Amino acid sequence: MSTATGTQTMTFIQAVNDALSIMLEENSNVILMGEDIGKNGGVFRATDGLQERFGEKRVMDTPLSEAGFIGAAIGMAVNGFIPVTEIQFLGFIYPAYEQIMTHASRLRMRTMGHFSVPMVIRAPYGAGVRAPEIHCDSTEALFTHMPGIKVVCPSSPGDAKGLLIAAIEDPDPVLFLEPMRCYRSVREEVPDRKYTIEIGKGKKLIEGCDVTLLTWGAMVPPAIKAAEEMKEKGISCEVIDLRTLYPLDRDIIAESVQKTGRTIIVHEAHGTGGVGNDIMSIINDTSFLYQKAPAERVTGFDAPVPYFGFEDHYLPNARRIVHAIEKVIRF
Amino acid sequence: MEISFPIIQMIDQNGNITKEQYQNQITEDLIRNFYKHMFRMRLFDRKAISLQRQGRIGTYAPFEGQEAAQAGSALALEKDDWLFPTYRDHGAAMVFGHSLRQILLFWNGRNEGCIPPEGKKIFPPGIPIATQIPHAAGAAYAEKLKGNKNAAIVYFGDGATSEGDFHEGLNFASVVKAPVVFFNQNNGYAISVPTEKQMNSKTIAQKSLAYDIPGVRVDGNDVFAVYFETLSALERARNGQGPTLIEAVTWRKGAHTTADDPSKYRDQEESKIFQEQLDPLKRLERIMKNKGIYNENWIKSIEEVAVKEIDQAVSDMEAFPPPDPANIFDHVFAELVWPLQKQKEEYLALIGGEIE
């Protein structure tokens with residue numbers, strides 16, 4: 001047992017489990033739904049032990065039916081429950097895209113607030129774990145483009161816990177993206193108690209003054225690595241984990257890029273139509289006259305995420321980020 | 001399959017009771033009540049078409065010919081049940097207590113029209129085909145989890161049964177034994193595509209077999225068969241026996257919408273003959289005549305009441321305040337997020353003097 005003020009060393013996946021467990025305990029309307037999340041505890045063990053503890057009604061193994069159970073969750077959300085659904089991999093969300101696009105995200109608007117959909121869709125995403133085809137997509141921009149849903153993507157255990165609880169308490173649908181690469185790669189001290197982190201707020205991970213690195217999710221570690229390499233070369237990089245992709249934290253972006261005048265945006269999703277472009281717009285709108293060089297984007301290519309034999313080439317890494325930093329410094 | 005799923009009929013096309021055992025169920029009160037609702041629906045539907053022709057509402061999806069299917073099923077509901085209509089089921093919604101003004105507002109491009117009267121659990125019309133089916137399964141399952149006896153009914157057409165969401169919704173509901181009635185109106189056409197090009201299945205009711213739930217095929221123009229079969233399905237639902245698939249075989253008299261021309265894809269002469277034979281209101285008139293209770297004065301009196309109500313709804317719709325552009329921004333999330341706040345401020349500032 002831990003005390004009210006205690007902490008525990010946790011991985012990202014354990015922090016997700018902890019957040020879910022706290023909310024199941026606290027609010028009897030919270031229901032977990034998804035494929036293999038019950039008896040099996042989820043393919044990544046995010047819901048490990050929760051069905052045993054809270055029962056089959058609260059932690060439900062659904063049919064293998066993404067549109068079906070997301071659609072049913074919408075009906076349950078409208079009728080008083082808070083479904084926290086798991087899409088096994090983001091690359092398998094597409095059958096449910098119609099339900100999210102045409103209903104979950106717009107029911108409040110359609111009915112001017114009479115009906116709303118307080119649900120969470122958790123989805124592991126991203127390449128770099130040598131997973132099979134389609135298991136590696138990073139298509140967050142399909143959802144940031146969708147009005148009426150928030151998109152959250154933490155990179156650390158502590159943020160995962162606080163943001164997941166905030167997502168469950170949010171009155172609107174939230175897509176909660178979990179970088180698979182971060183599931184077990186780091187451990188950190190996470191408070192035992194219930195706490196939330198505000199959706200829409202980024203976090204400065206490294207303070208710097210020459211270049212701003214804006215990133216999230218599984219691209220945080222390579223950005224940090226690049227910043228460390230540049231430090232040795234005498235270049236000071238500020239690293240910001242945006243944590244929420246809709247709505248973006250305009251203030252943290254503007255403040256940093258006005259200070260440095262040089263920006264690198266790093267994301268593993270395809271460049272065209274990516275969230276990086278929206279960040280570019282924010283820089284343009286808020287900080288045009290502060291720029292010392294055109295902002296650079298380091299992204300996945302405009303190709304389907306390749307089989308894992310090629311993924312090290314596809315994924316942005318410290319080398320590509322360093323290259324971009326040198327480019328904006330030289331400009 | 002037509003033998004395994006025979007069409008249940010209580011009143012035939014000539015207004016005769018098909019089996020002696022139904023005699024007691026077909027009371028004069030029920031006949032009159034059904035007729036009143038269906039006549040009101042038809043008057044509303046025709047008025048709406050005329051409003052569209054005059055440019056007073058937008059594109060409209062008529063339901064004439066399907067009054068028995070919609071009224072019979074909606075009248076079987078209890079007041080705390082859920083109703084998930086499509087864009088062609090506002091007949092059912094108005095029978096269940098939706099406001100006529102709201103329905104007209106919906107067809108006139110106003111979100112306000114999606115707000116049901118206080119306490120009425122009526123979902124906004126499902127637009128993408130079949131997508132409302134899983135919602136009904138979920139809302140019904142939620143009632144079960146809460147320990148309530150409320151059920152849900154969800155409407156959809158023949159074309160919807162080709163969609164994945166139909167199968168996913170039925171499968172989900174059958175697994176959790178959700179108290180829901182899947183109410184199909186097989187009106188012969190999905191816009192222009194006839195059922196024989198839509199599916200190889202001879203019936204829609206047989207699709208219940210795959211989910212091991214009851215499947216019932218009723219004469220959708222026989223309001224009694226629809227009513228009593230829906231009532232039984234709802235009773236099973238409330239008793240924990242799970243969902244039922246009902247196929248109401250009916251006929252869409254008019255176009256898919258006011259933007260559609262059915263003469264391009266179906267024989268309108270044939271349709272006219274069908275309509276004459278199948279018309280659910282005429283069938284009720286025939287039974288009234290057979291029973292010697294047909295009364296023109298009574299029909300006139302209910303017509304007067306309905307016309308007055310409909311005219312009032314039209315004036316209320318037309319007197320409704322003009323759209324406030326702030327509403328575009330204010331209901332996307334519970335609280336405005338900054339991109340919407342910024343867009344709202346900029347747009348409202350731009351049009352500043354022009355809004356009331």
Side-chain angles (χ1 to χ4, degrees), chain A residues 28-29 31 33 57-58 60-81 83 95-96 98-99 101-103 105-118 147-150 170-173 199-200 246-251 278 281-282 285, chain B residues 82 84 106 110-116 121 123-128 130-146 148 150 152 154 163-176 178 180 327-342:
Chain A
S28 61
N29 292 326
I31 290 202
M33 299 170 71
K57 282 186 179 156
R58 304 286 310 283
M60 177 190 185
D61 276 319
T62 65
L64 211 169
S65 168
E66 289 81 9
F69 79 76
I70 293 291
I74 292 168
M76 292 170 71
V78 165
N79 197 2
F81 288 91
E98 183 182 31
Q99 284 291 344
M101 180 72 185
T102 66
H103 294 290
S105 64
R106 73 175 88 193
L107 200 53
R108 179 187 290 282
M109 163 81 177
R110 287 188 81 201
T111 61
M112 300 175 74
H114 182 81
F115 291 119
S116 57
V117 185
I149 185 167
K150 294 174 184 171
D170 196 280
D172 287 300
I199 292 174
Y246 192 90
L248 284 162
D249 187 343
R250 179 174 52 167
D251 297 340
D278 289 304
S281 310
I282 290 175
D285 291 349
Chain B
W82 287 81
F84 292 80
F106 170 79
R110 296 295 293 269
N111 292 55
E112 290 90 340
C114 287
I115 304 170
K121 297 185 239 171
F123 228 59
I127 307 293
T131 54
Q132 73 282 9
I133 295 172
H135 304 162
Y141 179 50
E143 291 293 342
K144 182 178 170 176
L145 286 175
K146 291 179 193 173
N148 294 338
N150 305 327
V154 54
E163 292 275 11
D165 278 8
F166 165 77
H167 296 277
E168 298 198 30
L170 262 68
N171 183 56
F172 185 95
S174 68
V175 170
V176 300
V180 53
N327 280 323
I328 297 173
F329 309 94
D330 290 345
H331 302 292
V332 180
F333 294 102
E335 278 179 50
L336 267 180
V337 294
W338 73 260
L340 281 163
Q341 176 77 40
K342 179 171 176 275

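Computed from a prediction, not measured in an experiment: that's the story for all the values here. Each chain gets a letter, A, B and so on, in the order its sequence line appears, and its residues count up from 1.
One finds the NE2 atom of B:H331 at 13.0 Å from the NE2 atom of A:H114 (value rounded to the nearest 0.5 Å). One finds the CD1 atom of A:I70 at 11.5 Å from the CG atom of B:D165 (value rounded to the nearest 0.5 Å). Put simply, CD on A:Q99 and CD on B:Q132 are 9.0 Å apart, with the number rounded to the nearest 0.5 Å.
Of all heavy-atom pairs spanning B:F123 and A:L107, the tightest one is CZ-CD2, 3.4 Å.
Neither the backbone nor the side chain of A:D61 comes within contact range of chain B, judged by heavy atoms closer than 4.5 Å. Using a 4.5 Å cut-off between heavy atoms, A:A67 contacts chain B through both its backbone and its side chain. At a 4.5 Å heavy-atom cutoff, the contact between A:T111 and chain B is made by backbone and side-chain atoms alike. Of the atoms belonging to A:M33, it is side-chain heavy atoms, and not backbone ones, that fall under 4.5 Å from chain B. Interface residue A:I31: only side-chain heavy atoms are found under 4.5 Å from chain B. Looking at B:F84, there are no atoms closer than 4.5 Å to chain A (heavy atoms on both sides), in backbone or side chain. In this structure, chain B has heavy atoms under 4.5 Å from both the backbone and the side chain of A:N79. Within the 4.5 angstrom heavy-atom criterion, atoms from both the backbone and the side chain of B:N327 approach chain A. Residue contact with chain A, scored on non-hydrogen atoms closer than 4.5 Å, involves the side chain of B:K342 exclusively. When heavy atoms are compared at a cutoff of 4.5 Å, B:F333 approaches chain A by way of both its backbone and its side chain.
Side-chain atoms of A:V78 and B:W82, non-hydrogen and from C-beta on, do get closer than 4.5 Å to each other. A heavy-atom distance below 4.5 Å is found between the side chains of A:Y246 and B:P339. A 4.5 Å side-chain heavy-atom check between B:V332 and A:R108 finds every atom pair outside the cut-off. A:R110 has its side chain within reach of B:I127: a pair of non-hydrogen atoms, C-beta onward, lies under 4.5 Å apart.
The number of heavy-atom neighbours closer than 6.0 Å to CD of B:Q341, taken from other residues, nucleotides and ligands shown, is above 12. Counting non-hydrogen atoms of neighbouring residues, nucleotides and ligands closer than 6.0 angstrom, the NZ atom of A:K57 reaches no more than 12 such neighbours.
Contacts with chain A were tallied for B:G169, B:A173, B:P128, B:A136; B:P128 has the most, counting heavy-atom pairs under 4.5 Å. Among B:L340, B:I133, B:N111, the residue making the largest number of heavy-atom pairs under 4.5 Å with chain A is B:N111. Of the listed residues A:P63, A:G200, A:P118, the one with more heavy-atom pairs under 4.5 angstrom with chain B than any other is A:P63. The residue among A:S116, A:G68, A:A72 with the most heavy atom pairs within less than 4.5 Å of chain B is A:A72. Of the residues considered (B:G113, B:P116, B:A137, B:A140), B:P116 shows the highest number of contacts with chain A, using heavy-atom pairs under 4.5 Å.
Between A:H103 and B:H135, the angle of the ring planes goes over 60°, which puts this pair in the perpendicular group of the 30/60° scheme.
B:E168 places no side-chain N or O within donor-acceptor distance of the main-chain N or O of A:F69, the cut-off being under 3.5 Å.
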